[in-house]
Amino acid sequence: MKTHAPAPTDAPADPASGTLRLKSKDLLGIAGLDAGEITLILDTADAMREIGSRPIKKVPTLRGRTVVNLFFEPSTRTRTSFEIAEKRLSADTLSIATATSSVTKGETLVDTVRNLEAMAPDMIVMRHASSGAAHLLARICRSAIINAGDGMHEHPTQALLDAYTIRAHKGRLAGLNVAIVGDLLHSRVLRSNVALLKTMGADVCACAPSTLMPPGFDRFGVKATSSVDEAVEGADVVMLLRIQHERMDGHFFPTVREYFSLFGMTPARLRRARPDVIVMHPGPMNRGVEIDSAVADGPYSVILEQVSNGVAVRMAVLYLLAGSSEAE
Ligand code: CP
């Protein structure tokens, strides 16, 4: 379904002026978005991507709006691309380094955000180690809350940029076979991607050792297997997920070497996929663990395209949420 995204040749309209908006004031997860809203974000990102190819990569769309980036966990791609997206839309932005904030003196999340809200930001982009942290803030904040990753729960803008990248290569999402291989248990990227891909009609096969398979996973309409060969057979898209050592409390597999030999994506394993397969990874990658460098840097890899597309997708989300909050 095509929707009416802003014309690519013009600066996007003031968000207050049109009907381009999401139903909620916040983006907390893919759960809660319907297929029409997902399509609207992807179509809007198409228009935003064009702005990034101009000599002067800036439009006045969010002039006068203030966006706070509040990252309680490390990030390279998400934080940087949100900052670039905000600047391309002319928002006033500030990024709070939690290591040098009063969080280190024991201030709670709620008090931190209430104090930031007292300075009247329009949107807060937050990453936090606790699942549900963004939902908690959305209940108490006037500002729009954008979830940039909450614990093992959701990472909605990652799934949206993944969908945008898949659609750019395949022209559609419905009916595609997507294999997702890696640390499924600890992955918010998995949960957001499954929600999005199922909503848009793709078939998902998820693969991990049984120790890294979320319990009850088959309830989500996803095929689950511990055989990489089975997962990759005939796949249009192969998505690798990082082994998240920092969230592991105990041993989930004997050694990294053994994990790579059984689950690592190698050129030989990839040959079972369709000839026009694309290989994705949200980053950061553990080379030689979940992915061989020959695959990560090989001809089927779209991993750096995912990063580029993240800017356009986050511009689209900021733009559409600005329209939603203006409409309330
Ligand atoms: N994909 C992703 O969320 O990367 P960062 O942790 O670097 O933001």
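In this chain, residues are counted from 1 in sequence order. Read the numbers this way: they start at 1 and go in the same order the structure lists the ligands and their atoms.
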Atom indices of ligand 1, in the order listed, that fall short of 4.0 Å to a heavy atom of [X]:
{"X": "G283", "answer": "1 (N), 2 (C), 4 (O)"}
{"X": "Q158", "answer": "1 (N), 2 (C)"}
{"X": "T78", "answer": "2 (C), 3 (O), 4 (O), 5 (P), 8 (O)"}
{"X": "T76", "answer": "5 (P), 7 (O), 8 (O)"}

- Message: Students should be able to answer this: which protein heavy-atom is nearest to atom 1 (N) of ligand 1, and at what distance?
- Response: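 Of every protein heavy atom, P282 O, 2.8 Å lies nearest to atom 1 (N) of ligand 1.
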- Message: Students should be able to answer this: which protein heavy-atom is nearest to atom 4 (O) of ligand 1, and at what distance?
- Response: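 Here the closest protein heavy atom is R77 NE, 3.0 Å.
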- Query: Can we say K223 and E230 salt-bridge, meaning some charged N sits less than 4.0 Å from an Asp/Glu carboxylate O?
  - Reply: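 Answer for the salt bridge query: yes.
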- Would you call D150-R191 a salt bridge at under 4.0 Å N-O?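 R191 and D150: not salt-bridged.
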- Would you confirm whether D203, through its side chain, and V178, through its main-chain N or O, come within 3.5 Å as a donor-acceptor pair?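 Pair absent, no side-chain N/O of D203 close to backbone of V178.
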- Would you tell me whether S192 and E154 have side-chain atoms, one donor and one acceptor, within less than 3.5 Å of each other?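 Side chains of S192 and E154: pair found under 3.5 Å.
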- Item | Donor-acceptor pair between R79 and S95 side chains, under 3.5 angstrom |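 No.
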- Might you work through the side chain to side chain contact (heavy atoms under 4.5 Å, CB included) test for N69 and M126, ending with a clear yes or no? CA-CA 6 Å; N69 301 303; M126 188 183 74; over 6 Å; no
- Task: Return yes when R127 approaches ligand 1 closer than 4.0 angstrom through a heavy atom, no otherwise.
- Result: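 Yes.
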- Give a yes/no verdict on whether any heavy atom in G149 is under 4.0 Å from an atom of ligand 1.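 Heavy atoms of G149 never come under 4.0 Å of ligand 1.
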